[in-house]
Protein chains: 2
Amino acid sequence: MAGRAAVPEVIWTRPERAGRGPKAAYNRADIAAAAVRIADAEGLDAASMRHVAAELGCGTMSLYNYVPRKEDLYELMVDAVSGEHELWEPSGDWRADMLRVAHQTRALMRRHPWLPRLMSPVYGFSPHALRYLEHCLGCLDSFDGTYGTKFELIAMLNGLVTTYVGNELATAERARSLPWSEEQEGAMRIAYLGGQVAGGAYPRLAAAFAEDSGPIDLEAVFERMLLRVLDGFAPRG
Amino acid sequence: MAGRAAVPEVIWTRPERAGRGPKAAYNRADIAAAAVRIADAEGLDAASMRHVAAELGCGTMSLYNYVPRKEDLYELMVDAVSGEHELWEPSGDWRADMLRVAHQTRALMRRHPWLPRLMSPVYGFSPHALRYLEHCLGCLDSFDGTYGTKFELIAMLNGLVTTYVGNELATAERARSLPWSEEQEGAMRIAYLGGQVAGGAYPRLAAAFAEDSGPIDLEAVFERMLLRVLDGFAPRG
DNA sequence: CGTAGTTACGTACGCCGTACGTAGTGCGCT
DNA sequence: AGCGCACTACGTACGGCGTACGTAACTACG
């Protein structure tokens, strides 16, 4: 059997080290940590095999002894930061607990802005992901419903948080690679939008534009959206 | 002022063609259509500047006369398929209309599996996106709330659909680049999950695994999730 | 003690986005 | 009418990427 098997495998099923041969100089945790450090500091695209290898202090191709494909490096990264989820003894109030989970997930994603882009159900089987899922299910012990429904609740909240934070950060991440500032970009788009709307083709958008909504409180919007999802599963009052 | 300005601009503000010089051989619609054709057939990553140019029958760098950056090609693609949204006279029942919108969006994304990956608020100002937004607002005329709330509703539904279809398709898109089949991959992960869960570290996951849920009807799950979001804005009954 | 399986890693291939330079074209101006 | 310039077209080249492959050193197992 060749080193790079042509047979389906999840990276977690691969033994971390083998018996024979020279001692391995690194381990998955080191590698994931290095990749996370780079992605946090310079963005996800900077976390290339070459960069990560350099950060570890080894040759590029040596990395492939630990990580068969780039995709698996991503999986290691997601698992690593999933370990940062704080777990606690469920309070018995599943609404409060799930709200807390969502807020923590948002904080996690703001600490690691590349995380929303990598969030995928494909990575949902990593050790830390399983631990996190088990915790959510624990929080939902007081929820009256099947496990199927509980999974749907968890998925909807996770999806919402991922989308929301992803949108919050998309402009910023994008701005990194632009020759002008994020403020300029935003102003530009607002100006363009104003011009389009002024043309009269979009009466409701024009009305919305004119509506005096006051300053937008992103925290409040986030909280409202979470509550609406929870309400979809069990209305308050 | 040089051809590639270092000043903020949205591609939509650039005049499509200038007065001077030779006639332009192509236009944005052609280019977007070519890119969409390639992405539909071979995946998003195949829609490179080189491929699109070849599909059009011109040199790679000629594309840059029409599309200043790769990112803008993406924006053209999203706008092009956004034009496929069917618009109709609102029925007066905003719940029914928004459900219909969501289902159409899902169908659109299944026709163009790369779309979820490109969905970004950054592209929300394109001509077809504005038309779509205006349509949604029309459907929500019968909804009692501020435009701010209406935007939140639209954003939540769009986010949900994007996430849901993205998850549906992530495995398939991923399978394209793997040396083994999607079925094998799935079976592999299930087997691994079973092994982990059998270890006893995840009692609730084990219980969930054991729960006899019958076959999962993805259509029904999707519909339920949509209804839950709508319920979050105005419970039925 | 050989040998098979591993680690380490340099080289090389074929992609990618795109900066830059050059040549040709035809509108708008004087 | 004719000049100039903005524009199109596009070849070449650079620095990145993921990763296939080959080679040399090393060690645990038979």
Side-chain angles (χ1 to χ4, degrees), chain A residues 1-6 11 14-28 30-31 34-35 38-39 42-77 114 174 176-179, chain B residues 1-6 11 14-28 30-31 34-35 38-39 42-77 114 174 176-179:
Chain A
M1 196 79 60
R4 282 154 206 131
I11 189 171
R14 285 167 64 102
E16 179 137 11
R17 349 187 356 158
R20 317 247 210 160
K23 304 250 160 124
Y26 314 98
N27 58 51
R28 280 182 199 150
D30 292 340
I31 294 170
I38 293 174
E42 305 171 58
L44 182 58
D45 292 338
S48 65
M49 296 301 271
R50 280 170 232 263
H51 266 78
V52 173
E55 172 88 7
L56 286 168
C58 71
T60 303
M61 294 314 292
S62 305
L63 249 193
Y64 282 89
N65 286 320
Y66 304 89
V67 178
R69 288 166 300 125
K70 174 69 182 294
E71 187 81 9
D72 295 305
L73 179 64
Y74 285 154
E75 190 155 356
L76 286 185
M77 292 171 68
W114 43 269
R174 175 187 155 93
R176 225 192 270 259
S177 66
L178 288 182
Chain B
M1 197 76 59
R4 283 155 205 133
I11 191 172
R14 286 167 64 104
E16 178 137 11
R17 349 188 354 159
R20 319 259 202 139
K23 302 249 160 125
Y26 313 99
N27 58 52
R28 279 181 200 151
D30 292 339
I31 294 169
I38 294 174
E42 305 171 57
L44 182 57
D45 292 338
S48 66
M49 297 300 273
R50 280 169 233 262
H51 266 82
V52 173
E55 173 88 8
L56 286 168
C58 71
T60 304
M61 296 314 292
S62 305
L63 249 194
Y64 282 89
N65 286 320
Y66 303 87
V67 178
R69 288 165 299 123
K70 174 69 182 296
E71 185 81 10
D72 295 305
L73 179 64
Y74 286 154
E75 189 154 357
L76 286 186
M77 293 171 68
W114 43 269
R174 174 187 156 94
R176 226 192 269 261
S177 64
L178 288 183

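Below, chain A is the first sequence line, B the second, and so on; all start at residue 1.
Among all heavy-atom pairs drawn from B/Ala24 and B/Tyr66, the shortest one is CB-OH, 3.6 Å.
In this structure, the nucleotide among C/dC27, C/dC16, C/dG17 sitting nearest to the side chain of B/His51 is C/dC16. Side chain of B/Pro22, nearest nucleotide from C/dT6, C/dT25, C/dT7: C/dT25. Residue B/Ala24 has its side chain nearest to D/dT8 when only C/dT7, D/dG18, D/dT8 are considered. You'll find that the side chain of B/Ser48 is closest to C/dG17, out of C/dG17, C/dA4, C/dT7. Considering only side-chain atoms of A/Met61, the nucleotide from D/dT8, C/dG10, D/dG18 that sits closest is C/dG10. Looking at the side chain of B/Tyr26, the nearest of the listed nucleotides D/dG18, C/dG17, D/dA9 is D/dA9. Checking D/dA28, C/dT18, D/dT19 against every side-chain atom of B/Thr60, the shortest atom distance belongs to C/dT18.
Counting non-hydrogen atoms under 4.0 angstrom, A/Ser62 reaches a base of the nucleic acid. Residue A/Ala53 is out of contact with every strand shown, counting any heavy-atom pair closer than 4.0 Å.
Toward the 5′ end of DNA chain D lies the nearest nucleotide of B/Arg20, the other residue of the pair B/Gly57 and B/Arg20 mapping further downstream. Two residues, B/Ala46 and B/Lys23, neighbour DNA chain C, and the one matched to the more 5' nucleotide by heavy-atom proximity is B/Ala46.
Checking the phosphate oxygens (OP1, OP2) of D/dC17, a side-chain nitrogen or oxygen of A/Arg50 falls inside 4.0 Å. OP1 or OP2 of D/dA9 sits under 4.0 Å from a side-chain N or O of B/Tyr66.
For the pair B/Val67/B/Val52, no side-chain contact is recorded, criterion being any heavy-atom separation below 4.5 Å from C-beta on. Between B/Leu44 and B/Tyr74 there is a side-chain heavy-atom pair separated by less than 4.5 Å.
For the salt bridge (charged side-chain N to carboxylate O under 4.0 Å, His left out) test, residues two or more places apart in sequence or in another chain that qualify with A/Glu55 are A/Arg37.
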